[in-house]
There are 2 protein chains.
Amino acid sequence: MRSENGPGGQPDEGTGGPGSGKAAPEPERSLIEKVRRAQIIEAAIEVIAERGFAKASMAQIAQRAGVSKGVISYHFAGKNELIERTVEQVYEALGSFVQSRLAGQTGAAAWLRVYIGSIAAHMADHRSQLAALGEIFTHFRTDDGELRYGIASSEPLYAHVEDVFRAGQRSGELRAFDARVMAVSLQAAIDHMFAYWSTHPEHDLAAHARELVDLFWHATRAQHPDDDRADGGPDDHHPALS
Amino acid sequence: MRSENGPGGQPDEGTGGPGSGKAAPEPERSLIEKVRRAQIIEAAIEVIAERGFAKASMAQIAQRAGVSKGVISYHFAGKNELIERTVEQVYEALGSFVQSRLAGQTGAAAWLRVYIGSIAAHMADHRSQLAALGEIFTHFRTDDGELRYGIASSEPLYAHVEDVFRAGQRSGELRAFDARVMAVSLQAAIDHMFAYWSTHPEHDLAAHARELVDLFWHATRAQHPDDDRADGGPDDHHPALS
DNA sequence: CCATTTTCTGACCGCATGGCCAGAAATTTA
DNA sequence: TAAATTTCTGGCCATGCGGTCAGAAAATGG
């Protein structure tokens with residue numbers, strides 16, 4: 001089934017989530033190969049972000065990249081591989097950034113503040129990547145019709161956030177609540193923060209992120225009737241947005 | 001530009017949100033007309049929910065409805081009108097249900113409980129409608145490429161929820177926070193509750209909804225250090241989900 | 001400098017889409 | 001019943017899609 005000429009990609013990469021494979025064999029690539037792949041992925045991000053997934057055809061992406069359509073087929077096994085490599089690249093960049101910011105932080109309060117803040121900070125500098133990711137997650141489907149990156153592929157993320165909440169509950173820092181629902185709702189609030197920002201570019205993303213920290217801190221912290229400002233609450237102001 | 005035979009619809013309906021038009025002139029329709037339109041809309045909901053917006057072609061919808069493709073073109077001005085009528089129908093059913101449940105409720109605590117609970121209850125009984133709405137909101141675009149029902153069309157909803165929060169703040173029932181961010185986050189949490197439920201059908205939707213009430217009650221209520229269980233908090237249990 | 005390999009082009013293929021329409025069928029009206 | 005109108009069918013069209021291909025162009029290397 002593979003193209004007979006051209007390097008293509010590794011077509012059968014499996015079913016894991018976006019960053020699921022550190023087991024990628026990474027075949028050697030010539031210089032041109034690496035440059036072209038990066039160039040095409042960048043073009044794909046721009047076109048998807050600007051025109052939406054459905055309108056982001058191979059022809060559009062090729063035109064944006066300044067090459068002919070066949071080049072994409074030459075350097076990638078097909079559109080599916082192009083999209084998957086694009087997701088991997090964006091997702092890994094975000095993940096490693098957040099992880100580096102999170103390193104060394106202890107306690108649920110600090111974790112909340114740094115987690116939300118660093119995601120917002122990184123995405124504020126990568127708007128196209130953000131928009132493209134959103135389009136891909138909601139539109140890209142496998143051959144059998146299921147969303148390629150659906151809720152199911154967020155499972156590792158949910159599980160991790162859930163663990164953080166559970167640890168906070170065990171330590172007494174957080175109240176009793178359903179950690180899975182809280183994790184899903186936190187991701188939801190972050191997602192929609194970006195969606196709202198995308199259509200209201202003048203909206204203050206950093207301030208929104210701080211409000212979100214505040215929201216989830218109030219929602220999760222254990223009750224300390226008196227010292228509600230002495231227990232390391234992550235934030236302390238309520239600026240009026242917009 | 002209009003079809004020369006057949007009733008079609010009213011093509012130039014404007015740009016308002018889903019339920020924006022109570023000014024719909026509702027032209028007289030024959031019995032067959034009404035039956036066919038309902039039948040086709042129902043088929044559209046099923047196909048979109050099951051196969052996704054992109055795969056929901058006129059041919060697919062016609063086949064599901066048990067009629068030939070041309071019938072849709074005869075009764076609707078085009079695919080766009082079919083989708084818009086579908087959204088209106090689903091959205092208005094939900095809206096009137098929630099509004100009836102909300103009537104007579106006073107206080108932010110009761111409002112939160114009834115608002116979240118009634119949306120969840122109604123949607124639990126209309127899974128296909130819910131899935132179809134989600135697909136349409138994220139995929140359906142106007143001719144110029146913009147999402148037909150984007151964040152912008154949720155503005156009236158956001159504004160209303162915002163008002164409820166502001167009233168609660170003025171009455172002293174709720175703490176100081178950014179009402180817009182809270183409104184966006186509440187809608188986000190509700191949206192994702194359904195998304196999560198869609199891919200985890202065994203998930204307990206009602207319990208999730210109760211957790212959400214709890215979450216936003218803790219996030220928004222004013223601090224009453226001692227009587228945090230005596231001030232009419234909407235919910236009082238933390239069942240472990242899943 | 002020429003042979004070999006890598007890279008690229010632009011035309012082409014089969015397919016699915018939304019919309020269109022001539023005419024058939026069914027229903028209503030006179 | 002006969003004419004008029006409404007409703008329906010199924011095939012057709014132009015368009016755009018992802019993917020393929022023969023051969024041109026460029027890079028490589030002996």
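Below, all heavy atoms of this structure are taken into account, side chains as well, without hydrogens, waters or symmetry copies.
For the pair Lys69(A) and Phe76(A), the cation-pi criterion (under 6.0 Å, within 45° of the ring axis) is not fulfilled.
The CD1 atom of Ile72(A) sits 14 Å away from the P atom of dG10(C) (whole-angstrom rounding). Regarding Glu33(B), its CD atom lies at a distance of 16 Å from the C1' atom of dT28(C), rounded to whole Å. The CD atom of Gln63(B) sits 14 Å away from the P atom of dG11(D) (whole-angstrom rounding). dC17(D) atom P lies 8 Å from atom NZ of Lys79(A), rounded to whole Å. The interatomic distance linking Phe53(B) (CZ) with dT17(C) (C1') rounds to 13 Å, in whole Å. In this entry the distance linking CD1 of Ile83(B) with P of dT17(C) reads 14 Å, nearest Å. The distance between atom CZ of Phe76(A) and atom C1' of dC8(C), rounded to the nearest whole Å, is 15 Å. Between the CD atom of Glu81(A) and the C1' atom of dG18(D) there is a distance of 15 Å, rounded to whole Å.
Between Asn80(A) and Gly70(B), the residue anchored closer to the 5' end of DNA chain D is Gly70(B), taking for each the nucleotide with the nearest heavy atom. Heavy-atom distances to DNA chain D give each of Val67(B) and Gly78(A) a nearest nucleotide, and the one nearer the 5′ end belongs to Val67(B).
Distances shown here put every side-chain N or O of Ser68(A) at or beyond 4.0 Å from the OP1 or OP2 atom of dC8(C). Within the structure, every side-chain polar atom (N or O) of Ser57(A) is placed at least 4.0 Å from both OP1 and OP2 of dG16(D). When the side-chain nitrogen and oxygen atoms of His75(B) are compared with OP1 and OP2 of dT6(D), none of them lie within a distance under 4.0 Å. Dashed line: the shortest gap from a side-chain N or O of Tyr74(A) to OP1 or OP2 of dC8(C) is not under 4.0 Å.
Between Arg141(A) and Glu135(B) there is a salt bridge, since at least one side-chain N of the basic residue sits less than 4.0 Å from a carboxylate O of the acidic one. Salt-bridge check for Arg64(A) with Glu50(A): passed, with a basic side-chain N closer than 4.0 Å to an acidic carboxylate O. By the 4.0 Å N-to-carboxylate-O rule, Glu81(A) lies close enough to Arg37(A) to be salt-bridged with it. In this structure, Glu42(A) does not pair ionically with Arg36(A), as no charged nitrogen and carboxylate oxygen lie closer than 4.0 Å.
Here the nucleotide nearest the side chain of Met58(B), chosen from dG19(D), dG18(C), dC17(D), is dG18(C). In the set dG19(C), dC8(D), dC8(C), the nucleotide with an atom closest to the side chain of Lys69(B) is dG19(C).
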